[in-house]
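In what follows, every chain begins at residue 1, and chains take the letters A, B, ... in the order their sequences are listed. Because the structure is predicted, anything quoted here is derived from the model rather than measured.
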Number of protein chains: 2
Amino acid sequence: MTTRWLTPEEQRAWRAYIAASRLLEDAIDRQLQQEGGMPHLFYSVLANLSDAPERRLRMTDLAETLKITRSRLTYVVTRLERDGLVRREDCRRDKRSSLAVLTDEGMAVLERTAPGHVETVRSLLFDRLTPEQVGQLEEICTGIARGLQGEATESGADDVPWRRRSSCPSSPPTPS
Amino acid sequence: MTTRWLTPEEQRAWRAYIAASRLLEDAIDRQLQQEGGMPHLFYSVLANLSDAPERRLRMTDLAETLKITRSRLTYVVTRLERDGLVRREDCRRDKRSSLAVLTDEGMAVLERTAPGHVETVRSLLFDRLTPEQVGQLEEICTGIARGLQGEATESGADDVPWRRRSSCPSSPPTPS
DNA sequence: TAGGTTTGTTTAAAAGTTGAACCAAGCCGT
DNA sequence: ACGGCTTGGTTCAACTTTTAAACAAACCTA
């Protein structure tokens with residue numbers, strides 16, 4: 001089959017997307033690096049832990065929600081542990097697993113860093129979007145993400161009840 | 001001022017965006033790495049050169065459109081040059097500048113690689129979007145990008161006529 | 001209990017990124 | 001034409017990140 005090239009509209013959208021995502025990620029990384037001394041990914045780990053029940057998550061689950069390899073996560077958590085922001089704990093149910101736990105210091109850093117981060121996200125992204133566009137963005141992205149989920153993980157549903165996490169964030173929302 | 005936290009809608013949109021962009025970039029990198037032996041950024045360099053007039057671009061301009069530092073671009077172009085896909089040429093008008101030129105071999109690699117890449121972009125992204133959503137995505141992203149443009153580059157318009165590039169891609173559209 | 005799978009880490013190598021320093025070339029006012 | 005400032009691009013060294021393969025321990029299942 002001959003290649004179905006992108007239509008002009010698609011091409012414009014694609015290029016715009018590339019530019020925007022690159023710029024956005026750079027800006028956020030820069031801000032977080034300056035004010036928090038860590039890259040976005042590190043922050044995301046803290047944030048995800050912070051609104052997990054008990055402030056702890058299995059490495060594998062965390063890797064899965066962050067969409068990174070376990071190997072990569074090991075590296076990140078080791079760095080965070082070195083800085084005292086995260087601590088590892090053994091899982092009682094499954095002795096293979098280890099849990100990453102947000103320490104008090106980690107929580108403090110997060111609370112100190114979150115406002116600036118949120119402000120950045122807001123000013124760079126949401127302040128430039130109408131409410132409709134926010135909805136559109138969510139819909140577009142969830143669609144894309146859903147499609148890409150199964151790509152790596154063959155079958156979709158290996159649910160284990162006891163490691164289901166609540167989807168409702170806690171009081172101080174600390175994005176991403 | 002107390003932090004304006006993200007609304008639940010914004011939070012959902014933000015998380016969805018993070019996940020989608022991470023997954024998408026990973027998938028594209030993986031595909032390009034496998035079938036083209038290069039990461040997305042390298043491909044982007046080739047693609048941008050391919051539809052520039054004369055298949056050549058000043059380093060600074062290229063860096064600007066790719067939204068990366070000149071230093072980083074130097075690294076990329078050096079690698080591509082090593083592989084014979086790109087060649088450097090002196091600029092006659094401004095002896096400080098150097099031009100990155102797509103070689104025939106580079107063009108060949110691009111033409112061999114483009115279909116797979118486009119197919120990936122299409123299947124992962126555009127096949128999951130309605131035509132309206134394509135439009136929405138473009139609008140959202142151009143808005144974001146425009147906002148972020150000036151952030152680094154103070155004033156907006158240092159136009160130099162002779163280094164204006166046409167915005168209309170050539171016949172075989174080789175995205176991003 | 002044997003055999004396969006999942007979890008998480010280790011390791012070494014490669015890759016990428018940064019930032020400062022630097023040089024050469026252009027620009028500009030006097 | 002002379003200094004001094006700016007721009008374009010590269011270099012270099014340190015550092016961070018990423019990958020992939022190999023591994024061990026714990027689990028699971030028949």
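The phosphate of D:dT10 (OP1 or OP2) has no side-chain N or O of B:Arg96 nearer than 4.0 angstrom. Look at A:Arg72 and you'll find a side-chain N or O under 4.0 angstrom from OP1 or OP2 of D:dT18. Residue B:Ser71 has no polar side-chain atom (N or O) positioned under 4.0 Å from OP1 or OP2 of D:dT11. Contact between the side-chain N/O atoms of B:Arg70 and the OP1/OP2 oxygens of D:dT10 is not found at any separation under 4.0 Å. Look at B:Arg88 and you'll find a side-chain N or O under 4.0 angstrom from OP1 or OP2 of D:dT10.
In this structure, B:Trp14 and A:His40 have parallel ring planes: the angle between them is below the 30° cut-off, well short of the 60° mark. A tilted orientation is assigned to the rings of B:Tyr43 and B:His117, their planes being inclined by 30° to 60°.
Taking atom CE on B:Met38 and atom P on C:dG16, their separation rounds to 12 Å, with Å as the unit. The CZ atom of B:Phe42 sits 9 Å away from the C1' atom of C:dA15 (whole-angstrom rounding). Atom CD in A:Gln33 sits about 12 Å away from atom C1' in D:dT17, given to the nearest Å. If you take CG of A:Asp26 and P of C:dG19, they are 11 Å apart, rounded to a whole angstrom. Distance CG (A:Asp90) to P (D:dA26): 10 Å, rounded to an integer number of Å. The CG-P distance, from B:Asp61 to D:dG9, rounds to 8 Å in whole Å. Between the NZ atom of B:Lys95 and the P atom of D:dG9 there is a distance of 15 Å, rounded to whole Å. Remark: C1' of D:dT17 and CD of A:Glu25 are 14 Å apart, rounded to the nearest angstrom.
For B:Leu41, the side-chain atoms get nearest to C:dT17 when compared with the rest of D:dT10, D:dG8, C:dT17. Listed nucleotides D:dG9, C:dT17, D:dT16 differ in distance to A:Tyr75; the shortest reach to its side chain belongs to D:dT16. Distance from the side chain of B:Ser97 is smallest for D:dG8 among the nucleotides D:dA26, C:dG16, D:dG8. Comparing D:dT10, C:dT18, D:dT7 by their nearest atom to the side chain of B:Met59 picks out D:dT10. When the nucleotides C:dT7, C:dG16, C:dG26 are ranked by their closest atom to the side chain of B:Pro39, C:dG16 comes out on top.
Among the atoms of the strands shown, base atoms are found under 4.0 Å from some heavy atom of B:Thr74.
Across every non-hydrogen atom of A:Gln11 and A:Leu6, the tightest pair is NE2-O, 3.8 Å. Taking each heavy atom of B:Gly116 and B:Glu35 in turn, the nearest pair found is CA-OE1, 4.0 Å.
Position along DNA chain D of the nearest nucleotide to A:Arg82 versus A:Arg92 favours A:Arg82 as the more 5'-ward residue.
Distance alone, capped at 3.5 Å, is enough to place a donor-acceptor pair between the A:Arg56 side chain and the A:Glu54 backbone.
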